[in-house]
Amino acid sequence: MTYNAIKIVKGKAGWGGPLIIKPDEKRNKVLSVTGGGIDPVSRKVAELTGCEVVDGFATTIPDDEVFVAVVDCGGTARCGVYPKKGVYTINLTPVGQSGPLAQYIKEDIYVSGVKPEDVTLAEEGATISQAAKATEEKSSSSKAKAAPADEKKSSFIVRMGKAVGGVVGKFFAAGRQTVQMVINNILPFMAFVSMLIGIISESGIGNVIAEAIAPVSGSLPGLLIVCIICALPFLSPILGPGAVIAQVVGVFLGVEIGKGNIPPQYALPALFAINPQVGCDFIPVGLSLGEAEPETVEIGVPAVLFSRVITGPISVVIAWLFSFGLY
């Protein structure tokens, strides 16, 4: 079968790319891991290239058959999982190098903020992008381990020095990655929350929100209703990316609890009430990382989504019981 090359450019406020890519006889599947069915960008890519599009929430396919993965990650894990595997990744959300796998997100394999109009047929004779290979580190480490069998044994002092140097090097690398993660993820999140609190406190919007949300969040039945809505199987994968909904609602509730509009004893159950959707967008990716069979994904994804409708309210009730005596 003849496949076409396409060009994918970053959208407004996007990052990465442009990617000029073409499927082959083996890598010819477009994997849509966006929740809520197959998105328009995935359909556009499949239409222009001649590939088959697959819903990642319905089934899974081997990584070596994935031509491009389309995600809608807000900057947590999914945006880095597929680049780490060496798979071209399109993120519908305008997110750059973010998350715990940020070091794998590079311009030659990842592009974000993409809309259907950002996907076009590549010009004839255009140079095809070369994806970064996720196995480079493994191959380099295996080469480093390969040593001549007849090499003389090092002295005890030399071996001890190498061992100490290796430990120090690992701790140094861990410290560097920790600082980088704090700069890339934690500090922006703190700034985001501070901005929300400032807007809520100074604009008066908090009073409007309080009138709507306080009656619901100030009682156990209300929190159960909020939890069930957030855990609905057709909503939770859409509300999950980046935990944005939980962050915003959590700030709203925290401000209102601080003002006294919501009793403080509802802080703990409210935490569980606004979080049943967290991670629901990552279920297919997690199963893929576990090398699950397609049948397992087809059954496992809806099973986990529906289980949240049950476990979510139960966690709220348990948190409500444990909140007695806390304040």
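Numbering starts at 1 and runs along the sequence shown.
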Where the side chain of R27 meets the backbone of D63, is there a donor-acceptor pair that is under 3.5 Å apart? yes

Within the distance-only criterion (no hydrogens, no angle test), does the side chain of N275 pair as donor or acceptor with the backbone N or O of F272 below 3.5 angstrom? no

Do [X] and [Y] touch side chain to side chain, with heavy atoms closer than 4.5 Å?
X	Y	value
Y82	V66	no
C280	L305	yes
I310	F306	no
Y110	W15	yes

Give the cluster check for [X] versus [Y]: same hydrophobic cluster or not, with ILVMFWY residues linked at side-chain heavy-atom distances below 4.5 Å.
X	Y	answer
I109	V9	no
L224	V309	no
L121	V114	yes
V285	I299	no

Among all residues two or more places apart in sequence or in another chain, which pass the side-chain contact (heavy atoms from CB on, under 4.5 Å) test with [X]?
X	value
S307	V304
P269	L223, Y266, V316, A319, W320, S323
T60	S288, P294, V297
T93	D72, N91, V95

With R78, which of T89, L101, V33 fulfils side-chain contact (heavy atoms from CB on, under 4.5 Å)? V33

Distance-minimising heavy-atom pair for [X] and [Y]:
X	Y	value
P284	G56	CB-O, 3.0 Å
P313	I228	CG-CG1, 3.7 Å
P40	P116	CB-CG, 3.9 Å
I8	I90	CD1-CD1, 3.4 Å
V41	L92	CG2-CD2, 3.6 Å
I38	R43	O-NE, 3.6 Å

Hydrophobic cluster (4.5 angstrom, side-chain heavy atoms) - remaining members for I20: I128

Counterpart residues, salt bridge (charged side-chain N to carboxylate O under 4.0 Å, His left out), relative to [X] (two or more places apart):
X	answer
K44	none
E107	none
D55	none
K26	D64

Nearest 0.5 Å, please: how far is [atom2] in [Y] from [atom1] in [X]?
X	Y	atom1	atom2	result
C227	I314	SG	CD1	10.0 Å
D24	C51	CG	SG	9.0 Å
D118	L19	CG	CG	11.5 Å
L235	I229	CG	CD1	8.5 Å
Q97	Q103	CD	CD	9.5 Å
T34	D39	OG1	CG	4.0 Å

Using the rule given for side-chain contact (heavy atoms from CB on, under 4.5 Å), can you reason through R308 versus S236, listing the C-alpha separation, both sets of side-chain angles and the distance that settles it, and then say yes or no? CA-CA 9 Å; R308 292 294 181 91; S236 54; 5.9 Å; no

Among all residues two or more places apart in sequence or in another chain, which pass the side-chain hydrogen bond (donor to acceptor under 3.5 Å, both in side chains) test with N28? Y3

Parallel, tilted or perpendicular: which one describes the rings of F67 and Y88, with boundaries at 30° and 60°? perpendicular

Does CD belonging to E293 count more than 12 external heavy atoms closer than 6.0 Å? no

With sequence neighbours excluded, give me every salt bridge (charged side-chain N to carboxylate O under 4.0 Å, His left out) pair touching residues 10-20. none

Report the C-alpha separation of I105 and C79 in whole Å, then their side-chain angles, then the decisive distance to 0.1 Å, and conclude whether the side-chain contact (heavy atoms from CB on, under 4.5 Å) test is met. CA-CA 8 Å; I105 300 176; C79 58; 3.9 Å; yes

